[in-house]
Structure formats: structure tokens, C-alpha cells
S.K.: 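Sharing a structure here in C-alpha cells format.
The figures here come from the full heavy-atom set of this structure, side chains too, leaving out hydrogens, waters and symmetry mates. Counting starts at 1 for both ligands and their atoms, following the listed order.
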Amino acid sequence: MKIEPLISEERIQGRVRELAAELAAKEMSHPPVCLMVLQGAVPFARDLAGHLDMEGKFEEVAVSSYLGTTSAQRNPVVVGKLPESIRGRHVLVIDDILDTGRTLDFLHRTLVEQGALDVRFCVLLRKDVPRVCDVAVEYVGFDIQNEFVVGYGLDFQGDYRGLPYVGVFCPDGSAEGL
Ligand code: XMP
């Protein structure tokens, strides 16, 4: 097994500072409830918050995917409860990665159903894959190719979350195709 470095700690931290400045300029006139998606978005949300001078709420949500009984598709569900504080508020969802779009599309629908005024998204990574669900994401850290990545919150079976950089996970140890 090998991790091929893709986005260095320095680049991540630089981009996080830029995103925080963008968020401060565009979102803070109507301070949103920030909702980070556990567990992958924790380092990203923590670092963003460190650069944002905001008194607003920082909440968390856990989303899990289960295999639907009538289809082979994975359907996201909220684990536990959504925070009450989203009602009547602008919500900014902070997540690690946009892949098929199912998770963010699900969150968008669920948050609006639960009374959010509107929902915007900020993701660290956006994979270059055809989306199953078309989601508008306002803030993107980096666009990446269709590769399985780990580090900076992203994991493979619970491992590698603590890496300060993002790398491509190469199960067989080969870095071919990078
Ligand atoms: P969807 O497909 O719903 O996926 O947009 C979002 C969630 O899938 C996980 N995911 C990954 N996790 N490396 C990871 O560690 C990856 O390359 C990757 N691609 C998708 C992640 O939990 C994300 O929130």
C-alpha cells in the first residue's frame, strides 16, 4: 500500500486561507449556521473556522450510506438528529469531497425540509466524475481527478485521516496512472 502525495499541506493551508477570505466577503453579511459533515470534514472545517472571525454557530452532522432494499444504490441517511439551530437560517455545509453528489443532494433536500432558509456548500475537493446528482457547490478547494484520496480527514477504513496532506491511495503500492 502506498500514498502518493497529491496536495501538500502548504497548498491546503494556503487555499483554506483564500476560502476563508471568500466566505468572509460573501457570507458574513447574513452569518450562516456552519454545518460540518463528520468525520471527513473535521480538519477542513476546523482550519476554516480558525481564519473566520465569526460568532455564528458551528454544528455537525453525520451522514451514513446504506444499501437500499429495493435498489443497488447507496442512499444517504442522517445518523442521529439534525441540529435544531438550522431552522429559519442560512446554512453553509462544509464537507470533505464531492463525488457522485448523492450526499450533498440528500443534505440539501433534508435541510430545506427541516426549515433551512437556504443551503450552500463548501467542499475541500471536487472529483472529476459524472455526477449522479447535480449539486451546485459554491466554494471548492481543489478539483481532482477520479482517484481515491486519503488524508486531511479523508480515510481508508479509518486510516490516514490524520495526514496533513491529501494523497492518492494506491492499494497495490503502484503509483501508475498518476
Ligand atoms: P458522494 O458520492 O455522495 O460522496 O458525493 C461523498 C462522500 O463519499 C466519500 N468519498 C471519499 N472518501 N476518499 C475518501 O476517503 C475518496 O476519494 C472519496 N470519494 C468519496 C466521502 O465520505 C464523501 O463525503
Side-chain angles (χ1 to χ4, degrees), residues 1-9 11-12 15-16 19 33-49 58-68 71-80 82-83 86 91-114 116 119-178:
M1 244 173 274
K2 185 176 174 205
I3 309 299
E4 189 69 25
L6 183 69
I7 310 173
S8 69
E9 179 177 7
R11 283 184 67 207
I12 292 172
R15 186 72 186 113
V16 168
L19 283 172
V33 173
C34 293
L35 188 63
M36 71 173 156
V37 184
L38 298 175
Q39 297 183 42
V42 172
F44 179 43
R46 178 201 59 209
D47 290 345
L48 269 179
F58 239 95
E59 302 276 14
E60 54 193 45
V61 64
V63 179
S64 170
S65 293
Y66 72 95
L67 214 49
S71 89
Q73 285 185 348
R74 291 196 163 268
N75 298 310
V77 286
V78 169
V79 180
L82 276 175
I86 61 151
V91 178
L92 178 72
V93 174
I94 301 172
D95 203 359
D96 50 6
I97 188 164
L98 173 68
D99 191 344
T100 65
R102 281 198 183 102
T103 305
L104 297 192
D105 179 63
F106 162 76
L107 272 176
H108 190 277
R109 283 183 280 114
T110 307
L111 290 165
V112 169
E113 273 167 28
Q114 295 300 311
V119 183
R120 294 172 191 271
F121 294 102
C122 176
V123 298
L124 176 71
L125 304 171
R126 176 168 61 188
K127 265 193 199 183
D128 185 12
V129 291
R131 305 270 175 257
V132 173
C133 301
D134 196 14
V135 195
V137 175
E138 286 76 13
Y139 305 95
V140 177
F142 300 93
D143 281 296
I144 63 168
Q145 292 180 5
N146 185 14
E147 288 163 320
F148 194 83
V149 288
V150 294
Y152 196 60
L154 292 145
D155 74 304
F156 175 72
Q157 297 179 352
D159 290 334
Y160 310 110
R161 278 193 204 285
L163 293 175
Y165 62 90
V166 169
V168 177
F169 180 71
C170 313
D172 60 355
S174 99
E176 251 176 66
L178 292 174

S.K.: What is the nearest protein non-hydrogen atom to atom 12 (N) of ligand 1, stated with its residue, atom name and distance?
M.R.: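 Among all protein heavy atoms, the one nearest atom 12 (N) of ligand 1 is Leu154 CD2, 3.7 Å.
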S.K.: Using heavy atoms and a threshold below 4.0 Å, how should the contact between Val37 and ligand 1 be classified: side chain, backbone, both, or neither?
M.R.: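 Neither part.
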S.K.: Decide whether an N or O pair under 3.5 Å exists between Val149 and ligand 1.
M.R.: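 Yes, at least one N or O pair falls under 3.5 Å.
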S.K.: Output yes when a side-chain donor or acceptor of Arg131 lies under 3.5 Å from a complementary backbone atom of Asp99, and no otherwise.
M.R.: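 The answer is yes, because a donor-acceptor pair under 3.5 Å joins these two groups.
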S.K.: Under 4.0 Å, counting heavy atoms only: does Glu147 come that close to any atom of ligand 1?
M.R.: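 Yes, Glu147 has a heavy atom closer than 4.0 Å to ligand 1.
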S.K.: Applying a heavy-atom cut-off of 4.0 Å, say which part of Lys127 lies close to ligand 1: side chain, backbone, both or neither.
M.R.: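 The answer is the side chain of Lys127.
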S.K.: Closer than 4.0 Å and a protein heavy atom, does any atom meet both conditions relative to atom 4 (O) of ligand 1?
M.R.: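 Yes, there is one.
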S.K.: How far is atom 20 (C) of ligand 1 from the closest protein heavy atom, and which atom is that?
M.R.: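 Heavy-atom neighbour on the protein nearest atom 20 (C) of ligand 1: Asp99 OD2, 3.3 Å.
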S.K.: Can you find an N/O atom of Gly101 closer than 3.5 Å to an N/O atom of ligand 1?
M.R.: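 Checking ligand 1 against Gly101, an N or O pair does fall under 3.5 Å apart.
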S.K.: For atom 9 (C) of ligand 1, what is the nearest protein heavy atom, given as residue, atom name and distance?
M.R.: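 Of every protein heavy atom, Ile97 CG2, 4.2 Å lies nearest to atom 9 (C) of ligand 1.
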S.K.: Please report the C-alpha distance between Phe106 and Cys133 in whole Å, then the side-chain angles of each, then the deciding distance to 0.1 Å, and finally whether the side chain to side chain contact (heavy atoms under 4.5 Å, CB included) criterion is met.
M.R.: CA-CA 9 Å; Phe106 162 76; Cys133 301; over 6 Å; no
S.K.: Could you tell me if the side chain of Phe121 sits less than 4.5 Å from the side chain of Glu138, heavy atoms only?
M.R.: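 Yes, at least one pair of side-chain atoms sits under 4.5 Å.
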S.K.: When rounded to the nearest 0.5 angstrom, what is the spacing between CZ in Phe44 and CE in Met36?
M.R.: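 Between Phe44 CZ and Met36 CE, I get 12.0 Å after rounding to 0.5 Å.
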S.K.: Please state whether the rings of Phe169 and Tyr160 are parallel, tilted or perpendicular, taking 30° and 60° as the class boundaries.
M.R.: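 The arrangement is tilted - the two ring planes meet at 30° to 60°.
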S.K.: Just to be sure I'm reading this right: ignoring hydrogens, which of Thr103, Asp155, Thr100, Ile144 gets closest to atom 6 (C) of ligand 1? Compare them by their nearest heavy atoms.
M.R.: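 The residue whose heavy atom sits nearest atom 6 (C) of ligand 1 is Thr103.
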S.K.: Within the side chain of Arg109, is there an N or O that forms a donor-acceptor pair under 3.5 Å with the backbone of Leu107?
M.R.: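 Not confirmed, Arg109 side chain does not pair with Leu107 backbone.
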S.K.: Report yes or no: does Arg15 contribute a side-chain atom to a donor-acceptor pair with the main-chain N or O of Val140 at less than 3.5 Å?
M.R.: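 Yes; judged by distance alone, with no hydrogens or angles, the pair exists.
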S.K.: Please confirm whether the backbone N or O of Gly167 pairs with a side-chain atom of Glu4, one donor and one acceptor, at under 3.5 Å?
M.R.: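 Pair absent, no side-chain N/O of Glu4 close to backbone of Gly167.
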S.K.: For atom 24 (O) of ligand 1, what is the nearest protein heavy atom, given as residue, atom name and distance?
M.R.: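 The answer is Asp96 OD1, 2.8 Å.
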